Structures are given as structure tokens and as C-alpha cells.
Asks: 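Once you've had a glance at the structure underneath, I'll fire off some questions.
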Amino acid sequence: MNAPSVPAVVELLKPITWFAPMWAFGCGVVSSGGSFADHWPTVFAGVLLSGPLVCATSQAANDWFDRHVDAINEPNRPIPSGRIPGRWGLYIALLWTALSIAVAIPLGPFVVAAAVVGLALAWAYSAPPFRLKLNGWWGNAAVGLCYEGLPWFVGAAVMSATMPNGYILALAALYSVGAHGIMTLNDFKAVEGDIRMGIRSLPVQLGVDRAARFACLVMAVPQIVVVALLIAWGKPLFGAIVAMLLLAQVLLMGRLLADPNGKAAWYNATGTTLYVLGMLVSAIAIRSLGAA
């Protein structure tokens with residue numbers, strides 16, 4: 001059997017999806033308060049782990065277990081098109097899992113633990129018997145944790161080689177919860193197909209309008225808590241900046257709620273950008289606390 005071409009493998013691993021966990025990892029690095037110059041080899045390894053390895057593993061596994069559905073809905077994707085022939089899709093997912101663990105091991109036990117959890121969720125999201133993606137409550141929670149919380153944790157852990165402190169864990173957890181709403185918005189583009197395929201995304205379960213309102217609420221509430229925490233931690237200026245970013249998101253949410261189907265992608269390009277900027281502002285705010 002011929003091996004797949006490099007372009008086909010790259011397409012399977014979907015580099016565009018790596019940005020979110022790599023950004024969250026960067027926020028973890030910043031929040032730790034450590035010096036990049038003193039840790040650049042481990043930071044580089046952590047970036048590699050968060051995006052091109054763990055996230056890419058999830059993409060390969062997802063395409064493998066969705067290959068029969070993709071053959072109907074998206075026949076040009078690498079596996080159903082035959083550009084990733086035979087069982088190569090599965091082999092790549094397994095190989096990337098092993099590579100992820102191999103890269104994580106030198107980074108310390110906390111990073112290994114986070115990588116194992118992330119990989120387990122990546123496989124559980126797509127593979128039977130769990131197939132978390134079939135239910136928007138569980139699937140979106142798993143993706144939010146893998147894309148935001150765990151990479152943030154890893155970024156802080158590679159800088160200190162210890163368990164990140166409570167300030168860092170609180171922010172990582174809150175922004176993971178908010179990411180559930182972002183994932184819900186991503187589901188608006190496939191409502192009709194999800195209904196046909198029995199995928200119970202939140203727009204399918206709740207209806208488009210209710211799911212949009214829920215997504216906005218889930219994105220906004222954690223950021224309100226972040227603002228309150230930053231003020232309580234003696235960082236009122238940073239809390240004010242996050243509050244202003246949230247206010248801008250709320251204004252954009254008004255347009256989203258007026259036309260959820262038509263504006264979901266638009267909001268992900270605008271409001272979500274403000275959301276991730278707030279992540280960085282929060283990370284900068286606790287640098288001195290993270291180093292404590």
C-alpha cells in the first residue's frame with residue numbers, strides 16, 4: 001500500500017486548528033511569570049506538544065472515525081478521497097499519540113499528566129464507545145478543556161516544572177468553560193447535517209435561538225468572574241481592560257442573536273478574537289502572582 005503524500009497528511013492534521021491551543025499555551029507561559037530566555041527549549045517543545053501533536057492527533061482521530069460520514073458529506077477530505085489510503089488515517093493518529101507522549105515525558109510529570117488527559121479526551125471525542133462529539137454538552141466541554149485549559153496548564157507547568165498555582169488554575173478553568181460557548185457557535189454551520197446524522201449538538205437539542213443565547217451566556221459569565229477575580233487580586237486596571245473587551249463582545253452578541261445562523265461565523269471572527277485577547281490580558285495581569 002502506498003504511503004500518503006506529505007500535503008495530504010498536513011491537510012489531515014489541520015494546522016489551522018492548532019492556533020487556539022498554542023495561544024492558550026502562550027497564555028500559560030506568560031501567566032507563570034518566568035523568563036522565556038531561560039526556558040526557550042521547553043517552551044518550544046510545549047508549543048509543539050500543544051498544537052502540532054496533541055491537537056493534530058485529535059484531528060486525525062476525528063477524520064478516521066468520521067470517514068464513512070465524510071464519504072457522503074465531504075468526499076474530498078483526505079481519507080474518503082483516497083489521498084490517505086487504507087488504514088493510514090488510523091496509523092497516523094496512533095503515531096501522533098505516541099509522539100505526543102514522547103515529547104511530554106522530558107517536560108515533567110505534570111505535563112505528561114496533562115498530555116495524557118488531553119489525548120484521552122481527543123480519542124474519546126471521536127472514537128466509540130464514547131463518541132463525545134455526538135452530544136454537544138459533553139463534546140464541547142471536552143474540546144474547550146483541550147483547547148484552552150490544558151494548554152494553559154502546560155504552558156505554566158513547563159516554565160516552573162511544578163504544579164501551577166491557584167491563580168493560574170482558576171483562569172485556565174474559567175476560560176475553558178467559556179470556550180464551551182465558542183464550540184457551540186461552531187456547530188451552527190452543520191445543523192441540518194447533524195440532524196440527519198443523529199449528532200445532538202446544542203443547536204439541534206435546544207434550537208438555534210436558544211443555543212445562541214446559551215453560547216453567549218456561557219462565554220460571558222466566566223469573563224465576568226475573571227474581572228471580579230482580577231480586581232480582588234489587586235489588578236483593577238487589567239480587570240477593567242477585560243471588562244471593556246467583554247462589553248465589546250456583548251455589543252457584538254446583539255447582532256449575533258438577531259441572526260444566529262447567518263452571524264455565527266462572523267462572531268467567531270470578531271467576538272472570539274476579543275475573547276482570546278482577554279485571555280492574554282488576564283495572563284499578563286497575574287505574572288507576578290504566577291511567579292509567587
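The structure displayed is predicted, hence computed values, not measured ones.
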Asks: Just grab all the salt bridge (charged side-chain N to carboxylate O under 4.0 Å, His left out) pairs involving residues 248-274, residues at least two apart or on different chains.
Replies: none
Asks: Before giving the answer on side chain to side chain contact (heavy atoms under 4.5 Å, CB included), spell out for Leu274 and Leu252 the whole-Å C-alpha distance, their side-chain angles and the decisive distance to 0.1 Å.
Replies: CA-CA 10 Å; Leu274 299 175; Leu252 295 173; 3.9 Å; yes
Asks: Ignoring hydrogens and angles, write down the donor-acceptor pairs under 3.5 Å from the side chains of residues 218-231, residues two or more places apart or on other chains.
Replies:
from, atom 1, to, atom 2, distance (Å)
Gln223, OE1, Gln249, NE2, 2.8
Gln223, NE2, Met219, O, 2.8
Gln223, NE2, Gln249, OE1, 3.0

Asks: Report, as yes or no, whether the 6.0 Å neighbourhood of atom CG on Leu251 holds more than 12 heavy atoms from other residues, nucleotides or ligands.
Replies: yes
Asks: Could you walk me through whether Val158 and Val154 pass the side chain to side chain contact (heavy atoms under 4.5 Å, CB included) check?
Replies: CA-CA 6 Å; Val158 298; Val154 169; 4.0 Å; yes
Asks: What's in the same ILVMFWY side-chain cluster as Val6, cut-off under 4.5 Å, chained through other members?
Replies: Val10
Asks: With sequence neighbours left out, write down each residue that passes ring pair (Phe, Tyr, Trp, His ring centres under 6.0 Å) with Trp266, or none if nothing qualifies.
Replies: none
Asks: For Leu289 and Trp233, which heavy atoms make the closest approach, and how far apart are they?
Replies: CD1-CB, 3.8 Å
Asks: As a test of understanding, state which of Leu48, Ile101, Leu49 forms a side chain to side chain contact (heavy atoms under 4.5 Å, CB included) with Val54.
Replies: Leu49
Asks: Can you give me the closest heavy-atom contact between Gly144 and Ala179, atom names plus distance?
Replies: CA-CB, 3.8 Å
Asks: Determine, step by step, whether Tyr167 and Ser31 satisfy the side chain to side chain contact (heavy atoms under 4.5 Å, CB included) criterion, reporting the C-alpha distance in whole Å, the side-chain angles of both residues, the deciding distance to 0.1 Å, and the verdict.
Replies: CA-CA 9 Å; Tyr167 304 105; Ser31 67; over 6 Å; no
Asks: How are the rings of Phe19 and Trp23 set to each other: parallel, tilted or perpendicular (split at 30° and 60°)?
Replies: tilted
Asks: Looking only at non-hydrogen atoms, find the nearest pair between Val111 and Ala157 and report the distance.
Replies: CG2-CB, 3.9 Å
Asks: With no hydrogens and no angle check, is any side-chain donor or acceptor of Arg210 less than 3.5 Å from a backbone partner on Gln205?
Replies: no
Asks: Students often mix this up, so state it plainly: with edges at 30° and 60°, are the rings of His180 and Trp137 parallel, tilted or perpendicular?
Replies: tilted
Asks: Which pairs with one or both residues in residues 43-72 pass salt bridge (charged side-chain N to carboxylate O under 4.0 Å, His left out), sequence neighbours excluded?
Replies: Lys14-Asp63, Asp63-Arg77, Asp66-Arg131, Asp66-Lys133, Asp70-Arg77
Asks: For residues Phe25 and Trp18, establish whether the separation of their ring centroids is below 6.0 Å.
Replies: no
Asks: Determine which pairs satisfy salt bridge (charged side-chain N to carboxylate O under 4.0 Å, His left out) with at least one residue from residues 18-29, sequence neighbours left out, and list them in order.
Replies: none
Asks: If you look at every heavy atom in Trp88 and Pro4, which pair is closest and at what distance?
Replies: CD2-CD, 3.4 Å
Asks: Taking Ser126 for its side chain and Trp123 for its backbone only, find out whether a donor-acceptor pair lies under 3.5 Å.
Replies: no
Asks: Looking at Thr184 and Pro203, what are the two nearest heavy atoms and their distance?
Replies: O-CG, 4.1 Å
Asks: Indicate the atoms forming the closest heavy-atom contact of Tyr147 with Ala24, along with that distance.
Replies: O-CB, 3.5 Å
Asks: Checking side chain to side chain contact (heavy atoms under 4.5 Å, CB included) for the pair Leu13/Trp96: CA distance, chi angles, key distance, verdict?
Replies: CA-CA 10 Å; Leu13 300 178; Trp96 252 246; 3.5 Å; yes
